[in-house]
Colleague: 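Structure in structure tokens, see below.
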Amino acid sequence: QVQLVESGGGLVQAGGSLRLSCAASGSTFSIRAMGWFRQAPGKEREFVAAIRWTEITTYYADSVKDRFSVFKDNAKNTVYLQMNSLKPEDTADYYCAARASDGTWTRGYDYWGQGTQVTVSS
């Protein structure tokens, strides 16, 4: 089992930045990739970004490419999501996830955090 705890959400004005963190614990040796997802009120959860656990290969949704950056610190078992140039439409609950198998970037994750709220005011 892998446990994930997100932090770093909050309220920010449009154009501002936030950095989310996701600390993994437990059977971290089993992780193949970590992803970030978000869910806005009344909308389905959507993929945001992901990174391979033992490499630096990353993948982004078109809506956040060039504004968001995902990176990790394996020594701390932590993945980060740096969010720049935030827009009101980025407002959502953000979740990190871990997968224990290889596959598509956008689905098939096995473990989920509890989420952290991000609100971007206009």
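Remember, it's a predicted structure, so these values are computed and weren't measured experimentally. Counting begins at 1 with the first residue of the sequence.
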Colleague: Does anything in residues 68-83 form a salt bridge (Lys or Arg N to Asp or Glu O under 4.0 Å)? List the pairs, not counting sequence neighbours.
Modeller: none

Colleague: Check which hydrophobic residues are tied to Ile56 through side-chain heavy-atom contacts below 4.5 Å, counting indirect links as well, and list them.
Modeller: none

Colleague: Transitive ILVMFWY cluster of Leu18 at side-chain heavy atoms under 4.5 Å: who else is in it?
Modeller: Val2, Leu4, Val12, Leu20, Ile31, Met34, Trp36, Val48, Ile51, Trp53, Tyr60, Val64, Phe68, Val70, Val79, Leu81, Met83, Leu86, Tyr94, Tyr111, Val118, Val120

Colleague: Please check if the side chain of Thr91 supplies one atom and the backbone of Thr119 the other of a donor-acceptor pair under 3.5 Å.
Modeller: no

Colleague: To the nearest 0.5 Å, what is the distance between CZ (Arg67) and OG (Ser85)?
Modeller: 7.0 Å

Colleague: So, for Ser122 and Pro88, which heavy atoms are closest and what is the spacing to 0.1 Å?
Modeller: CB-CG, 3.8 Å

Colleague: Measuring from atom CD of Gln1 to atom OG1 of Thr28, what distance do you get when rounded to the nearest 0.5 angstrom?
Modeller: 13.0 Å

Colleague: Within 45 degrees of the axis of the six-membered ring of Trp105 and under 6.0 Å from its centre: does Arg99 put its NZ or CZ there?
Modeller: no

Colleague: Please name the pair of heavy atoms, one in Tyr109 and one in Ala50, separated by the smallest distance, quoted to 0.1 Å.
Modeller: OH-CB, 3.4 Å

Colleague: How many angstroms lie between CG in Asn74 and OG1 in Thr54, if you round to the nearest 0.5 Å?
Modeller: 8.0 Å

Colleague: Please list, chain by chain and in numerical order, all residues satisfying side chain to side chain donor-acceptor pair (under 3.5 Å) with Glu55, sequence neighbours excluded.
Modeller: Thr57

Colleague: For residues Glu46 and Gln39, determine if any side-chain heavy atom of one lies less than 4.5 Å from a side-chain heavy atom of the other.
Modeller: no

Colleague: State, yes or no, whether a side-chain contact exists between Trp112 and Glu6 at a heavy-atom distance under 4.5 Å.
Modeller: no

Colleague: Taking ILVMFWY side chains as joined if any heavy atoms are under 4.5 angstrom apart, and letting links pass through other members, which residues group with Phe29?
Modeller: none

Colleague: Donor-acceptor check, side chain of Asp110 to backbone of Ala100, threshold 3.5 angstrom: yes or no?
Modeller: yes

Colleague: Please confirm whether the ring centroid of Tyr80 lies under 6.0 Å from the ring centroid of Phe71.
Modeller: yes

Colleague: Does Lys87 come within less than 4.0 Å of Asp90, counting only side-chain N to carboxylate O?
Modeller: no

Colleague: Quick check against the 3.5 Å criterion: does Arg107 have a side-chain atom that pairs as donor or acceptor with the backbone of Gly103?
Modeller: no

Colleague: Roughly how far, to the nearest 0.5 Å, is CD of Gln117 from CZ of Arg38?
Modeller: 14.0 Å

Colleague: According to the disulfide bond (SG atoms under 2.5 Å apart) rule, which pairs have a member within residues 20-122, sequence neighbours left out?
Modeller: Cys22-Cys96

